[in-house]
Amino acid sequence: GPDSKSCNPPTDENNDLSAAPTSAPTSSKVFDLDRVIFTEQAGATPGDEDYAFPLGSDMTWTKSPDNPFEIIEIQISDFPVDTKLIYFNETEGQNVTIDVTDPNFFLTLTGTDEDELREILDSLIMQAPTDFSGTFNLTVTIFDDSGSPNNSFTRPHLVTVTAIADTPEIIITSENLTATEDGQVLINATVGGSKDDDTSELTTIK
């Protein structure tokens, strides 16, 4: 069933994408890095500031037709601190919410087979830290069920968060104002300034 946990990233030298795959024994097929690839050179996800958006559905892979093994685990790391993640836990029949507090956090999702893992991954959504806009790269590693030393494959996954202007805030502190026709009256007001540094907001008073 699905699970999430923190762990150390794989350190096996075989995760180096530039390394040549090991030779397969003639007696049986062995998974190697040429048999599972991401559909893109690097995946990418767009989203909006301060809103949740789909993440897992943008993480895809293809396999060569002669690959008999199934992808049963995926690890995702390098989330910014204060990122919020939500995915559906099929075993418990409910959503799991994770607030990322550790920059070394790994999200690990597993399935009994590739179809179940795909369903879990498709349910994964994220929300970037409050008021964040810009880009960052996640690290995505998939694992198959071959048991081979080369049973993992890693790619970067770009996340682009578009700046969204916050709703302006104005507080009127003057009470019981009176004025004569064509006269003027002083209004005391506090206008909330932007909390962001992304130039997405400009407040004007007319």
Side-chain angles (χ1 to χ4, degrees), residues 2-10 15 17 37-62 71 73-89 94-109 117-142 153-174 186-206:
D3 187 23
S4 61
K5 59 186 178 181
S6 297
C7 66
N8 293 323
N15 288 323
L17 302 186
I37 59 171
F38 278 86
T39 55
E40 300 174 346
Q41 184 68 20
T45 293
D48 289 335
E49 174 189 350
D50 295 337
Y51 287 89
F53 49 86
L55 176 64
S57 57
D58 293 324
M59 297 175 178
T60 57
W61 56 83
T62 58
I71 306 302
E73 181 176 311
I74 187 166
Q75 287 184 354
I76 311 169
S77 61
D78 296 327
F79 292 101
V81 170
D82 295 330
T83 294
K84 177 172 286 188
L85 303 170
I86 301 175
Y87 70 93
F88 186 73
N89 185 315
Q94 62 184 12
N95 285 332
V96 175
T97 300
I98 300 172
D99 292 310
V100 178
T101 59
D102 182 353
N104 297 315
F105 168 78
F106 273 75
L107 176 67
T108 300
L109 302 176
L117 178 61
R118 183 73 263 172
E119 290 180 7
I120 298 168
L121 188 58
D122 285 346
S123 74
L124 176 63
I125 63 175
M126 71 163 288
Q127 183 170 331
T130 301
D131 296 329
F132 175 89
S133 62
T135 62
F136 57 89
N137 271 310
L138 299 175
T139 299
V140 180
T141 302
I142 57 177
F153 189 79
T154 300
R155 283 289 194 196
H157 187 90
L158 178 67
V159 178
T160 301
V161 181
T162 301
I164 299 294
D166 293 333
T167 303
E169 180 182 73
I170 183 169
I171 301 172
I172 306 298
T173 55
S174 301
L186 178 64
I187 300 177
N188 294 319
T190 300
V191 178
S194 172
K195 298 177 292 182
D196 297 350
D197 297 323
D198 55 22
T199 69
S200 63
E201 295 147 9
L202 175 64
T203 304
T204 60
I205 300 176
K206 298 184 178 179

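Residue numbers run from 1 in the order of the sequence given.
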Go through the steps for D50 and F132 under the test side-chain contact (heavy atoms from CB on, under 4.5 Å), then give the verdict. CA-CA 7 Å; D50 295 337; F132 175 89; over 6 Å; no
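Between D48 and F53, every side-chain heavy-atom pair lies at or beyond the 4.5 Å cut-off. Using a 4.5 Å heavy-atom cutoff, the side chains of T141 and I74 are not in contact. Put simply, the side chain of T130 does not reach to within 4.5 Å of the side chain of D82, judged on heavy atoms. The shortest distance between side-chain heavy atoms of I98 and F105 falls below 4.5 Å. Looking at V161 and T135, their side chains never come closer than 4.5 Å, going by heavy atoms from C-beta outward. In this structure the side chain of F106 never reaches within 4.5 angstrom of the side chain of I76, judged on heavy atoms. For the pair L55/H157, a side-chain contact is recorded, criterion being any heavy-atom separation below 4.5 Å from C-beta on.
Between P54 and T45, the shortest heavy-atom contact is O-CG2, 3.3 Å. Scanning all heavy atoms of the two residues, the minimum distance from G56 to D122 falls at O-OD1, 4.3 Å. Taking every heavy atom of both residues into account, V81 and P129 meet most closely at O-CG, 3.2 Å. Summarising the geometry of F136 relative to M126, their closest heavy-atom pair is CZ-CE, 3.8 Å, with the distance given to 0.1 Å. Across P156 and N137, no two heavy atoms sit closer than the pair CB-OD1, 4.2 Å. Annotation for T60 and S57: closest pair CG2-O, 3.8 Å, computed over non-hydrogen atoms.
With sequence neighbours left out, the side chain to side chain contact (heavy atoms under 4.5 Å, CB included) criterion links I125 to A52, I86. Not counting sequence neighbours, T83 has no partner by the side-chain hydrogen bond (donor to acceptor under 3.5 Å, both in side chains) test. Every residue two or more places apart in sequence or in another chain that forms a side-chain hydrogen bond (donor to acceptor under 3.5 Å, both in side chains) with T139 is listed here: D78.
Annotation: the span from L109 atom CG to I142 atom CD1 amounts to 13.0 Å, rounded to 0.5 Å.
Geometrically, R118 engages W61 in a cation-pi contact defined by less than 6.0 Å to the ring centre and at most 45° from the axis.
Without hydrogens or angle criteria, N89 side chain to N95 main chain gives no donor-acceptor distance under 3.5 Å. Under a 3.5 Å cut-off, the side chain of S123 and the backbone N or O of I120 do form a donor-acceptor pair. The main-chain N or O of I164 is found under 3.5 Å from a side-chain atom of E49 such that the two form a donor-acceptor pair.
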